[in-house]
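What follows is a set of notes on a single structure, which appears directly below.
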Amino acid sequence: MKDLVRAGQRARAAGKWTDAYDAYKAALDAVEPSSIRERERAEIAGELGLCALILRRYRDAAEHLAWSLEQREALPVAVQLRFEDGLRKATAQVATLLLSTDPPDAEVIVDGKSVGRAARTHKLFFEAGQHMVRARAPGREESLQMFTAMPGQEHEMLMQLPRSSGSTKEMAAAAPKETPKAPSSTLDLRTQAPSRWASWPGTLRIAGIAVTTATVSVGSLLMIRASRLDGDLSERREGLNRDPRTNSSMCWQAPQRSACAELLRLRDERNLSGVAGTALVIAGGVIGAATAASFFTDFSFLGLTPAQERIHVSPVATGHGMGVNIGGLW
């Protein structure tokens, strides 16, 4: 181990950072925790992190430097300052996730790789992009969440693993049986799962669907009626044009009680039905679009309803631009 550390120091002094990284990594992998002092192990991990930082392996650098500084009491002050400066530079290039699980001994798997189950709170580092975090424990249902890593940002995540139905049945079977009670005449509403439409967004969606259907239907009927009135109007206009004593163009200036009154009435009804039908169809389309969009929107940011496992849409703004982050879980 000491020979590998000296080799790493010589390579670092010569500017051969890849060789230094390999030497420090081999020294850290070869040593057993009980065979060296805590200070030596922390220093090797920190030097490995600084080499990774020079090589732009930012996530690797952040992990080793953070672990080294967890034993900062064993490190000299000058070494602590070097490692802290390196950690700041590394975490500026990666995302930091503080992950807690319930139960705390759940196994955490990130992008298919296990990170263990010993820690109560995991401090993880991610390269920019989309990552999948899973947690599992005996007798619990597995939890899975998608995580979008943004460089330089720190996030918190709590993964709760409810008891599985099988473990619940086993616990119920092992529990002492109670004396059966007489059936009650009142319903126990607490045993019923809350409806997915019980919250106010669901109520508004139902109302939106109903209003959309009604407005589009009525608007379509009015437009059909306007089309029929236009046909009747055309027939009456042609009949007047065939009479040599009258002309349809004279009817638009004729008194209301004249022979052209029926033609004027049909024209007004046609215009009114056409305008009202078009307005209702457009309004129904707008309401329908808003209702459809609500199914792809998470209203949990209002603090009124819990987030649902569906598509989540959230705005994203960084120093490089802005946009929308859309994530789903199936």
P76 vs E43 side-chain heavy atoms within contact, under 4.5 Å: yes
R59 charged N/C atom sitting above F126 aromatic ring, 6.0 Å / 45°: no
Check: Y24 and L4 side chains under 4.5 Å, non-hydrogen atoms: no
Point-to-point distance, once rounded to the nearest 0.5 Å, from NZ of K113 to CD1 of I109: 13.0 Å
Linked hydrophobic residues, V281 as query - side chain contacts closer than 4.5 Å: M223
Polar side-chain atom of S68 near backbone of A42 as donor-acceptor pair, under 3.5 Å: yes
Cluster companions of L87 among Ile, Leu, Val, Met, Phe, Trp, Tyr (side-chain spacing under 4.5 Å): L50, L65, L69, L75, V79, F83
Test applied, side-chain contact (heavy atoms from CB on, under 4.5 Å); reference residue, L99; option that passes from M157, Q145, E156: M157
Exam field: side chain T215 to backbone T212, donor-acceptor pair closer than 3.5 Å: yes
Contact check, side chains of K25 and D22, non-hydrogen atoms, under 4.5 Å: no
Basic-acidic side-chain contact under 4.0 Å: E63, K123: no
Distance in Å, R134 CZ paired with T101 OG1, rounded so as to fall on 0.5 Å steps: 14.5 Å
Side-chain (D60) to main-chain (A52) donor-acceptor, under 3.5 angstrom: no
Side-chain donor/acceptor of T91 to backbone N/O of R88, under 3.5 Å: yes
Heavy-atom side-chain proximity of K89 to Y58 below 4.5 angstrom: no
Note, Q130 side chain near M146 side chain (heavy atom, < 4.5 Å): yes
Pairwise distance CD1(I224) to OG(S273) - rounded to 0.5 angstrom: 11.5 Å
From CA spacing to verdict: salt bridge (charged side-chain N to carboxylate O under 4.0 Å, His left out), E269, R228: CA-CA 11 Å; E269 289 187 7; R228 295 182 60 183; over 6 Å; no
E141 bridged to R136 by N-O distance under 4.0 Å: no
L222: hydrophobic cluster co-members (side-chain, 4.5 Å): V218, L280
Side chain R140, main chain L161, donor-acceptor under 3.5 Å: yes
4.5 Å side-chain heavy-atom contact, M159 and V133: yes
Non-hydrogen side-chain atoms of E40 and V5 separated by less than 4.5 Å: no
Check: S114/E107 side-chain N/O donor and acceptor closer than 3.5 Å: yes
Spacing of CH2 belonging to W17 relative to CG belonging to L53, to within rounding of 0.5 Å: 9.5 Å
Interatomic distance, Q93 atom CD to R56 atom CZ [nearest 0.5 angstrom]: 9.0 Å
